[in-house]
Amino acid sequence: MRYEDFYQRSIDDPEGFWAEQARAIHWHVPPRAILEYGDPPFRKWFAGGTTNLCHNAVDRHLDARGDQLALVAISSETGETREITYRELHDEVNVFAAMIRSLGVGRGDRVVIYMPNMAEAVFAMLACARIGAVHSVVFGGFAAHNLALRIDDARPKLLVCADAGMRGGKVIPYKPLVDAACEKARHPPAHVLVVSRGLAPEPAWVPGRDIDHAALRAEFRDARVAVEWMESNEPSYLLYTSGTTGKPKGVQRDVGGYAVALALSMWAIYDVRAGQVMFSTSDVGWAVGHSYNVYGPLIAGATSILYEGLPTHPDPGVWWSICEKYGVRTMFSSPTGIRVLKKQDAAWLRKHDLSVLQWLFLAGEPLDEPTAHWITEGIGKTIIDNYWQTETGWPVLSLMPGVDMKPVKFGSPGLPMPGYRIRVIDEGSGEDVAPGEKGVLVIEPPLPPGCLTTVWGDDARFMASYFSHFKERLYSSLDWAIRDEDGYAFILGRTDDVINVAGHRLGTREVEESCSTHPDVAEAAVVGVRDALKGQVPVVFATLKTAGEDVAGTAEAIRAQVGRQLGAIARPARVYVVGALPKTRSGKLLRRSLQALAEERDPGDLSTLDDPGALEEVRRALGRGA
Ligand code: ATP
Ligand code: MG
């Protein structure tokens with residue numbers, strides 16, 4: 001089928017389209033309506049239908065593929081690999097569900113999961129889904145403060161954690177962080193269930209509150225727990241955005257719409273069917289981890305690979321060796337991940353047999369052209385840039401190899417995915433801009449199945465954050481974009497970050513990409529800094545591939561290059577060379593903090609900052625001058 005026809009059908013007849021897609025999942029009670037939209041922008045997909053994410057991800061496959069691998073959890077940190085069939089997964093999830101139920105968790109209760117990429121994190125998520133509890137996975141290793149904030153937002157009955165995570169061989173004990181977070185929190189959980197891998201020394205134990213997973217598990221061997229049938233629009237989980245632009249938002253997801261959207265995306269976008277293998281390098285704590293390490297591949301009856309460890313350990317070929325060993329068909333990673341590999345010898349890309357691998361999807365931030373070319377040529381596969389948000393839960397923009405593979409255009413994440421009515425509009429007038437012109441990427445509601453239903457406990461914030469920017473109630477992506485004549489979209493950066501130089505508006509992407517074509521530049525971040533004359537001027541922070549002798553000369557060359565490529569208006573006023581750039585834990589540049597420091601303001605919410613040292617570097621560089 002042609003992409004155009006498939007997409008257009010989803011727009012012209014959404015109810016017919018989604019009714020058809022809904023057949024891919026199991027419904028205990030079929031929906032009474034495909035869409036109820038009486039209270040815009042709130043909408044209810046598959047209203048009245050009852051289903052269960054765990055049933056669709058696990059139980060439903062037992063007859064046809066009980067002995068097939070469901071999950072392979074590989075840790076290059078501990079050296080352990082666990083291969084788990086659908087039948088084994090079913091056993092584990094039932095036992096886990098019985099355990100958490102014995103701790104008082106029931107339908108609608110929240111459970112915070114604070115774990116690294118290990119099999120038990122998946123068991124815990126699916127166990128919650130099975131009994132209708134709402135999980136909130138918090139990226140393992142977040143500081144106690146962040147964990148406490150998320151605990152207070154969710155008010156969980158239970159927190160499930162590991163004794164420790166590991167990164168680059170270094171053990172990070174989690175239990176002390178959990179203890180500190182519970183102390184700080186106003187609404188701490190009644191119980192903490194600790195899964196120990198024996199990595200950290202025996203932690204302090206709070207009697208009555210803390211429960212040892214291994215001991216409790218022994219009590220529930222062979223337990224079976226019936227699936228709780230959930231109304232399609234009940235909450236399934238909460239997940240916080242990365243916090244790149246401010247305080248993270250607690251995205252609330254539903255049950256039925258999410259299952260249907262994932263089922264569609266698995267075959268249509270990721271081109272993965274039952275029995276095939278998908279490898280996403282994400283952490284379970286991110287949106288990609290939820291959708292494409294856990295629920296998506298399992299709903300599809302595929303095998304999902306979960307990886308704990310660095311992309312460079314034990315060697316920079318580790319991802320490709322996994323692809324070879326398990327016959328990975330589709331891989332999913334991020335531009336940040338690929339840029340880490342880019343600092344290594346490209347020969348590592350060719351050491352393994354990748355004949356089964358068809359597609360590499362990359363999402364999370366702009367995929368710069370030099371990186372896209374490097375990896376495309378390096379592995380000789382098609383790279384598909386994927387644009388989405390924690391809020392949407394699945395891609396907004398992509399190509400659809402499972403339906404009709406359109407040509408890749410470097411620099412563009414492609415075309416709108418089914419159900420997304422996207423437009424690019426002028427920030428001031430709210431009118432659609434012409435092809436090739438810049439504007440804000442918006443989605444006309446109702447948002448398709450799979451997207452957030454609200455911000456947890458805060459409908460007002462849901463409205464204010466996403467639907468209050470334009471006269472019409474449009475969903476603002478808060479991203480700045482262009483669409484070309486063929487309908488391909490190009491993301492230019494965040495609307496908050498747009499740089500206004502004497503009335504000319506520049507996306508951060510354009511300037512950063514121009515900087516990164518300089519042979520010495522590893523990565524660049526640009527921000528608009530207040531200027532008395534021009535309103536704002538672009539200021540660049542760059543890391544270099546090798547610490548060259550003539551840093552000042554390189555900085556000058558970068559300025560000149562941007563001026564040549566984009567015009568004098570875009571030429572950076574200053575270029576600061578630093579050792580590292582501040583990023584969120586999910587690998588996104590924290591431009592708002594760079595801008596604040598450059599304007600001598602407070603750097604703002606730093607709760608999701610990965611490496612505080614990077615901000616210190618920036619402070620020092622600013623002190624030294626350009
Ligand atoms: P917050 O909303 O809390 O500020 P965040 O937007 O970084 O954090 P995420 O939901 O993890 O949180 O990230 C989504 C954003 O990532 C998008 O809005 C966009 O800015 C960026 N992004 C994701 N994929 C792409 C892509 N393929 N190309 C360009 N940008 C992308
Ligand atoms: Mg966002």
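Every number for a ligand or one of its atoms is a count from 1 in the order of the listing. Just so you know, these numbers come straight off a predicted model, no measurement behind them.
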With a 4.0 Å cut-off on N to O distance, would you call Arg530 and Glu599 a salt bridge? yes
Would you call Arg591-Glu512 a salt bridge at under 4.0 Å N-O? yes
Is the Lys NZ or Arg CZ of Arg509 less than 6.0 Å from the centre of Phe490's six-membered ring, within 45° of the axis? no
Taking the ring of Phe467 and the ring of Tyr475, is the distance between their centroids below 6.0 Å? yes
Under 3.5 Å between some N or O of ligand 1 and some N or O of Gly243? yes
Distance to 0.1 Å, residue and atom name: give those for the protein heavy atom nearest to atom 29 (C) of ligand 1. Pro366 N, 3.2 Å
Heavy-atom pair with the smallest gap, counting every atom of Pro311 and Leu341: O-CD2, 3.7 Å
Counting from 1, what ligand 1 atoms have a heavy atom of Ile491 closer than 4.0 Å? 29 (C), 30 (N)
Any idea which part of Asn386 is under 4.0 Å from ligand 1, heavy-atom wise: side chain, backbone, both or neither? backbone
Per-atom contacts of ligand 1 with Asp385, taking only distances under 4.0 Å to non-hydrogen atoms: 26 (C), 27 (N)
Distance-only N or O hit between ligand 1 and Thr245, under 3.5 Å: yes
Considering non-hydrogen atoms of the protein only, which is the closest contact for atom 20 (O) of ligand 1, and what is the distance? Asp479 OD1, 2.7 Å
Short N-O contact, Arg329 and Asp271, less than 4.0 angstrom: yes
Cation-pi check, Lys406 to Tyr3: give yes when NZ or CZ is under 6.0 Å from the six-membered ring centre and within 45° of the ring axis, no otherwise. no
Quick one: look up the protein heavy atom nearest atom 16 (O) of ligand 1 and list residue, atom name and how far away it is. Lys588 NZ, 2.9 Å
Please list, in number order, the atoms of ligand 1 under 4.0 Å from a heavy atom of Trp388. 14 (C), 17 (C), 23 (C), 24 (N)
Taking atom types as modelled, is there a side-chain donor on Arg253 or Tyr237 under 3.5 Å from an acceptor on the other? yes
When you check the side-chain N and O atoms of Ser333 and Thr281, is any donor under 3.5 Å from an acceptor? yes
Assess the side chains of Thr608 and Tyr240: does a donor N or O sit below 3.5 Å from an acceptor N or O? no
Identify, for atom 6 (O) of ligand 1, the protein heavy atom at the shortest distance, and state residue, atom and that distance. Arg494 NH1, 2.7 Å
Which residue and non-hydrogen atom of the protein lie closest to atom 26 (C) of ligand 1, and at what distance in Å? Glu365 O, 3.4 Å
Does Lys249, backbone or side chain, put an N or O under 3.5 Å from an N or O of ligand 1? yes
Looking only at protein heavy atoms, which one is nearest to atom 11 (O) of ligand 1, and what is the separation? Ser242 OG, 2.7 Å
Using a plain distance cutoff, I'd like to know if Gly364 has any nitrogen or oxygen under 3.5 Å from a nitrogen or oxygen of ligand 1. yes
Looking only at protein heavy atoms, which one is nearest to atom 9 (P) of ligand 1, and how far off is it? Thr390 OG1, 3.4 Å
Nearest protein heavy atom with distance in Å, relative to atom 7 (O) of ligand 1: Thr244 OG1, 2.4 Å
